2 protein chains.
Amino acid sequence: MVVVRAGLSPERLTLAGADLADEAGFDQVTLSALARRFDVKPASLYAHVKSSHELKTRLALFALEELADRVADAVAGRAGKDALTAFANAYRDYARAHPGRYEAARYRLDPQTAAASAGVRHAQMTRAILRGYDLAEPDQTHAVRMLGSVFHGYASLEAAGAFDHTDVAAQQSWAWTLDCLDTALRSRSAP
Amino acid sequence: MVVVRAGLSPERLTLAGADLADEAGFDQVTLSALARRFDVKPASLYAHVKSSHELKTRLALFALEELADRVADAVAGRAGKDALTAFANAYRDYARAHPGRYEAARYRLDPQTAAASAGVRHAQMTRAILRGYDLAEPDQTHAVRMLGSVFHGYASLEAAGAFDHTDVAAQQSWAWTLDCLDTALRSRSAP
DNA sequence: GCATTTACCTACACCCTATAGGCAAACGCC
DNA sequence: GGCGTTTGCCTATAGGGTGTAGGTAAATGC
């Protein structure tokens, strides 16, 4: 009987989990479903991940990292509104292309895991964007929170289909919103 | 043996589910947990709700309704920035006071259920707020989406603890954000 | 080439969902 | 007040996800 090992590892499980999330939704990422994908019994996965929670945490960290990389790539060499737009588009594009991973990135992490995650890079990059707008503290923190809210809120509502009922392209509202944010931030910039 | 009936009904189950959601999180709202709360066997609940999905849908509709009522109450008799602030505060206050119900309100509804839900009142009320800013279509739709994104995004990130890491009060960032939105919308108003 | 480790297995217990069918209390009607 | 029907909750059972314990065979190391 030729038994070929499945070649499981935490990394492969995380990757497969990310794909599964994009295909079927983050809530469908279960150890059982993952085991089926590798043609293996669920119990076998516990040699590689401690629990379902740990797998989801790995997924969250992976998605945060991947998203941060894309944003970093997008904003490189840009400043001002150009950088703002690039950041925002990278963010929204990721949420649209990888809805499951994006959902995973919102998985609640415990404080110290969050502190060691790519989440801090997100905040740093948002602050970097704001250098183009010359905001003094605490306005900069306020602006970081506002931008985060808009980006996440828009991606979240769009993914939920909240913009499907009105016959105006979500893309146009997005451009309008970014324009609005740009002028709002400019009007707040220190003299 | 004195067997007292539990007095179950779809309404009472929904209410109890809402409380359970606020106390333990929306994902902890299960028919089993609800059955324990009424000191009844899980199977008994199926006489009142078709499925776990139906219960969650009822919860979502209930929360949307309740939130819409509060918002309507808050904005009554107000206009302009005053109305904007009242709307936004009612929204955020609800999310903070009732995190589980707020989560429930984000439960994905199928299109026709959504169309018959209080979700449409939310959109209408947002449009009403914007009357104070004199926006022509399609700008009004863009603005509805932007406001929805900010409100939901802020509430969502705040609930997730995203603002806990920086030592600036979330309340101040909120006020700053609303101020920012007000000026941004005013600058967009038609002549 | 033998001992150890690795990788996956079976078996099982627990919880949540869901269906089928039972029984007794409550209700409607004469 | 008695009788049939309906209502409200029950037990039993099946399926699926999580998680643990302990077994076995292939891969690895010396």
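Because the structure is a prediction, the values reported are computed rather than measured. Values below: all heavy atoms of this structure, side chains included; hydrogens, waters and symmetry mates excluded.
- Note that B:Arg186 lies outside the cation-pi zone of B:Tyr133, set by a 6.0 Å cut-off to the ring centre and a 45° limit from the axis.
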Could you write nucleotides 13-19 of chain C as a row of B, S and -, 5' to 3', where a protein heavy atom under 4.0 Å of any base atom gives B, of only sugar-phosphate atoms gives S, and otherwise -?
---SBBB
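- Between the CD atom of A:Glu54 and the C1' atom of D:dT18 there is a distance of 14 Å, rounded to whole Å.
- D:dG16 atom P lies 18 Å from atom CG of A:Asp27, rounded to whole Å.
- Between A:Leu45 atom CG and C:dA7 atom C1' there is a gap of 12 Å when expressed in whole angstrom units.
- Applying the 4.0 Å criterion to OP1 and OP2 of D:dG8, one finds that B:Ser44 has every side-chain N and O outside that range.
- A perpendicular orientation is assigned to the rings of A:Phe26 and A:Tyr107, their planes being inclined by more than 60° (bins at 30° and 60°).
- Seen from the ring of A:Tyr154, A:Arg92 does not count as a face-on cation partner, given the 6.0 Å and 45° thresholds.
- A donor-acceptor contact closer than 3.5 angstrom is absent between the side chains of A:Ser156 and B:Arg106.
- Between the side chains of B:Arg127 and B:Thr141, at least one donor N or O sits under 3.5 Å from an acceptor N or O.
- Between A:His152 and A:Tyr91, the closest side-chain pair of non-hydrogen atoms falls below 4.5 Å.
- Across the protein-nucleic acid pair, A:Leu34 atom CG and D:dG17 atom P stand 12 Å apart, rounded to whole Å.
- For the pair B:Lys41 NZ and C:dG21 C1', the interatomic distance rounds to 18 Å; values are reported in whole Å.
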